[in-house]
Amino acid sequence: MGNKLIMDSMGINRALSRITHEIIERNRGAQELVLIGIRRGGVDLANHLARKIKELEGIDLTIGELDITLYRDDLSSKKEQPILRKTVIPFDVTDKKIILVDDVLYTGRTIRAALDGIMDLGRPKEIQLAVMIDRGHRELPIRPDYVGKNLPTSRNEVVKVTLDQGDENRVVIEDGA
Amino acid sequence: MGLKGKDLLGIRELETDEIGLILDTAESLKEVSSRDIKKVPALRGKTVVNLFFEPSTRTRTSFELAAKRLSADLLNISIATSSVVKGETLFDTAKNLEAMMADIIVIRHSSSGAPDRLARRLKSSVINAGDGSHEHPTQALTDLYTIRERKGGLSGLIVTIVGDIAHSRVARSNIYALVKMGADVRVAGPPTMMPAGIDKLGVRVYHDLDEALSGADVVMMLRLQLERQGKALFPSIREYSRLYGLNSERLKFAKKDALVMHPGPVNRGVEITSDLADGVSSVIMDQVTNGIAVRMAVIYLLSAGRA
Amino acid sequence: MGILIKGGYLIDGKAKMGEAYDILIEGGKITSIGKDLSPGPDCENLIDATRKVVIPGLIDIHTHTREPGYEYKEDIRSVSAAAAAGGFTTICTMPNTRPVNDNRTVTEFIRSRAREAGIVTILPIGAITKGSQGVELAEIGELYDAGCMAISDDGRPVMNSEVMRRGMEYARGFDMLVISHCEDANLSSGGVMNEGIISTRLGLHGIPPAAEEVMVARDILLAEYTGCRLHLAHISTAGSVRIIREAKSRGIAVTAETAPHYFALTEEAVEGYDTNAKVNPPLRTSLDMAAVREGLRDGTIDLIATDHAPHALEEKELEFDQAPFGISGLETALSLTLGLVEDGIFSLEEAISRLTINPARVLGIDKGYLAVGVDADIAIIDLDDRWVVDPARFRSKGKNSPFAGWKVKGSVFMTLAGGRIVFSR
């Protein structure tokens with residue numbers, strides 16, 4: 001039942017810096033970009049990225065918050081409906097370059113749902129995917145553009161990412177029961 | 001966290017956190033109706049049946065839009081009660097619907113308890129869209145949502161419900177809901193329109209409208225059933241309107257920022273004057289808009305796969 | 001020829017024998033009651049009643065037999081079988097059949113059907129007014145000649161006080177009993193359950209207690225004025241009990257009945273919109289129930305009647321406000337009444353009297369007790385038998401019982417009517 005520390009706040013910070021550089025480099029700046037964080041872990045990560053981009057480029061990126069519940073592919077098999085949270089996208093996504101942000105990439109099903117959710121709101125020019133952890137086990141042909149850390153895991157492990165606790169931020173692996 | 005029952009039959013059976021869950025879910029779903037493409041795929045492949053034994057354009061349409069915006073298939077069935085009398089019971093009708101694999105049956109019926117009796121017999125979820133003088137839970141949830149949206153909360157608010165409480169399912173559902181959420185509920189009307197033991201539901205009874213309005217945060221006017229005039233409940237529309245009709249003079253007894261609500265359709269000039277119905281205090285149109293989000297929330301929460 | 005019932009604890013309804021006795025039956029009559037009777041050479045049936053109680057066959061003053069006209073709900077044969085299974089050997093049929101029993105032809109039809117069924121004694125009750133419309137008096141003299149024991153417009157109370165007055169006066173000429181279903185049809189109009197907090201919660205139209213009490217008072221006043229023998233059906237409210245108690249204390253010739261559901265259930269049984277608990281008058285509050293029990297105890301309410309009102313399943317499956325009023329009661333009445341003994345309301349002997357000698361006295365018939373020379377109408381009951389009410393097993397076609405699933409104590413072991421075994425467990 002041990003929890004294994006994978007990244008501490010220093011490590012996370014270094015990964016954030018690297019991803020930020022990659023985003024800016026690939027998009028030749030950040031002028032056209034908007035961030036959409038997937039609730040709930042992706043929103044924290046999107047906020048970190050926005051701060052880093054502001055430090056480097058001096059630009060305030062708008063951040064959208066996306067709840068993908070209504071787009072899940074397992075709704076009809078659940079005994080109880082998952083809690084719905086608000087989707088707040090304070091801009092028109094049409095013709096935008098979107099950095100879609102999530103904390104952990106796993107089967108890819110959440111990203112599929114997020115892509116459908118965004119497409120229902122309009123027609124973006126491009127969507128790129130940034131994640132803190134890619135833990136493998138993909139079930140759909142989805143590939144991240146920016147990765148904080150590739151982390152080989154077994155299916156019964158749980159990857160827990162904490163991004164809203166300052167110096168206490170960390171990534172740990174918990175043994176699933 | 002979810003709804004405990006498979007059905008939504010009334011507010012009386014709901015717990016406070018279930019009401020909160022429905023309102024919060026509705027808040028998340030309201031965004032869908034503001035999009036260009038007002039549709040999400042959540043309930044693809046689910047079938048919702050609107051089973052209406054009593055005509056109601058407003059409620060039926062609201063449920064219809066709610067189901068469609070969640071991508072459920074929707075079937076509208078209107079049945080004149082007279083054809084039911086000819087031998088086919090309510091259960092026969094419902095059994096047929098279940099055989100057609102309806103997931104959710106939304107029922108409006110002139111008999112109190114019809115949804116309740118149906119729900120006991122069916123595996124499908126049953127949503128009460130108004131039964132007799134019993135309950136109209138989605139209307140009350142809509143009203144709660146609207147008040148919360150405008151006032152930021154419900155606890156401690158003074159809400160005055162005016163009219164024929166005895167025959168109103170909207171009043172009953174709102175009384176249960178508001179009392180559960182900590183509001184201070186008053187009911188006003190002539191004694192002939194107060195049902196037996198109403199004070200046991202945790203409300204205060206007033207027969208003087210001005211007194212009932214004093215300091216109110218919300219004024220909820222009920223529709224006067226004009227056809228009841230012959231039944232000795234009130235002498236004339238003129239007298240009713242004079243004693244219990246809301247106008248801008250009277251509204252001054254309430255708080256300055258009091259909300260004026262009405263479940264519709266409004267008898268203009270009877271229970272409420274036209275200028276008030278359309279005035280700044282009126283949230284009657286908000287009630288209509290919010291009704292869709294609330295019904296989406298209820299349909300969403302009840303449509304979990306019962307594996 | 002002959003039946004000997006041996007060793008049963010005897011409650012004869014009159015002489016308080018209260019000990020184990022043997023009863024010898026010959027030619028449909030009781031020919032001997034005593035200790036250690038020995039079966040004669042032609043005794044063909046020896047019934048061992050040790051540890052059981054032998055009582056007079058029960059008498060129901062208030063049964064809806066439904067025939068003619070509503071045979072899909074019940075008919076005379078099925079109601080007779082239900083009565084026998086419930087320990088009843090005499091039942092009085094209310095006139096609200098189709099056509100209404102307001103003339104000799106219907107009365108004779110009922111009597112001939114009862115003879116054909118040949119199970120229990122059926123005594124017809126005629127209508128007060130033609131078609132029970134409450135307008136013109138029925139030919140009460142002819143009904144009397146045809147064999148009606150009493151008159152009543154049960155279920156359709158005579159609203160016009162003048163018509164009721166004249167009906168009472170006219171019936172007095174034959175010393176006929178008038179049975180009143182006390183309900184002010186205007187006060188109860190549209191009502192489907194007791195008016196109170198539960199009707200408010202359920203959104204069902206209420207029937208106020210005053211709808212009954214107003215008519216109880218009216219009919220008592222009319223009985224006092226006309227000198228007619230008045231019997232008040234199915235008393236359900238504390239107010240009615242109080243009015244009747246006061247009337248009796250003034251010596252007015254009024255008697256009253258209640259039904260088991262009024263002393264065993266309250267309006268709470270309607271919660272969940274159970275149409276089997278829809279009955280008229282409606283189930284009332286716990287205060288009313290207590291008053292009814294006290295009325296039974298102190299004799300204000302003379303007797304217990306079933307108000308057996310069978311309905312078809314599909315009718316009770318309707319919406320609550322559409323479903324018909326009524327409870328199928330013949331097969332649960334005895335056990336529910338014995339429940340009052342358990343509850344300490346009165347003694348076993350008193351309980352049995354409410355179902356036997358008391359209704360016989362009200363009807364003016366020579367039944368309801370056990371003695372040498374009387375008809376061998378006998379019920380043998382097992383006080384300790386515990387059973388669960390299952391309407392599916394009723395002999396009655398009406399399965400509409402709010403007591404389904406109730407665990408009750410005391411059952412009918414055997415019923416003999418006119419010396420013949422008409423029911424045996």
Side-chain angles (χ1 to χ4, degrees), chain A residues 34-43 46 62-96 98 100 107-125 127 140 142, chain B residues 1-6 8 17-18 20-48 66-73 101-104 124-125 145 148-149 293-307:
Chain A
V34 292
L35 294 167
I36 293 183
I38 297 175
R39 278 185 179 273
R40 301 202 262 172
V43 174
T62 13
I63 301 173
E65 301 178 3
L66 181 68
D67 183 84
I68 57 99
T69 309
L70 295 167
Y71 292 85
R72 290 172 68 136
D73 56 13
D74 57 354
L75 276 182
S76 60
S77 61
K78 293 229 170 238
K79 269 199 173 159
E80 203 167 77
Q81 293 290 57
I83 301 260
L84 273 191
R85 301 185 191 280
K86 268 192 190 167
T87 288
V88 184
I89 311 278
F91 46 81
D92 182 0
V93 300
T94 300
D95 291 331
K96 293 285 185 336
I98 294 169
L100 179 61
T107 61
R109 289 179 190 271
T110 300
I111 304 303
R112 193 283 306 160
L115 291 172
D116 283 348
I118 293 169
M119 295 304 184
D120 269 3
L121 298 172
R123 187 174 187 279
K125 189 172 176 188
I127 300 177
L140 294 173
I142 279 166
Chain B
M1 175 70 211
L3 297 182
K4 291 184 179 65
K6 79 172 170 72
L8 177 66
D17 55 356
E18 293 180 290
L21 174 68
I22 295 170
L23 299 184
D24 290 346
T25 305
E27 207 173 317
S28 299
L29 284 163
K30 195 176 175 184
E31 169 262 334
V32 175
S33 293
S34 65
R35 300 179 184 181
D36 287 342
I37 303 169
K38 300 173 182 57
K39 207 176 192 59
V40 290
L43 264 57
R44 273 181 315 165
K46 298 273 184 186
T47 304
V48 176
K68 286 180 169 170
R69 285 181 186 172
L70 289 167
S71 297
D73 294 319
M101 304 292 175
D103 297 289
I104 294 184
S124 313
S125 291
Y145 183 93
R148 200 176 77 159
E149 193 177 56
V294 166
R295 291 180 177 108
M296 285 172 80
V298 171
I299 292 172
Y300 167 78
L301 290 168
L302 288 179
S303 63
R306 278 179 292 279

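Below, read A as the first sequence line, B as the second, and so on, with proteins coming before strands; counting in each chain starts at 1.
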Has B:Ser28 got a side-chain atom pairing as donor or acceptor with A:Leu84's backbone, closer than 3.5 angstrom? yes
Interatomic distance, B:Leu43 atom CG to A:Leu70 atom CG [nearest 0.5 angstrom]: 9.0 Å
Is B:Lys39 close to chain A through its backbone or its side chain, or both, or neither, when contacts mean heavy atoms under 4.5 Å? backbone
Under 3.5 Å, is there a donor-acceptor pair between the side chain of A:Gln81 and the main chain of B:Tyr300? yes
Residues which pass side chain to side chain donor-acceptor pair (under 3.5 Å) with B:Glu31, listed by chain and number, not counting sequence neighbours: B:Arg35
Among the options A:Arg85, A:Lys86, A:Arg72, pick out the one with the most heavy-atom pairs lying under 4.5 Å from chain B. A:Lys86
Nearest 0.5 angstrom please: B:Ser303 OG to A:Leu75 CG, how far? 7.5 Å
If you check every heavy atom in residues 114-125 of chain A against those of chain B, which residues fall under 4.5 Å? A:Asp120, A:Leu121
Once side chain to side chain donor-acceptor pair (under 3.5 Å) is applied, do any residues pair with B:Asp36, and if so which ones, sequence neighbours excluded? none
Apply side chain to side chain donor-acceptor pair (under 3.5 Å) to A:Thr69 and list each qualifying residue two or more places apart in sequence or on a separate chain. A:Asp67
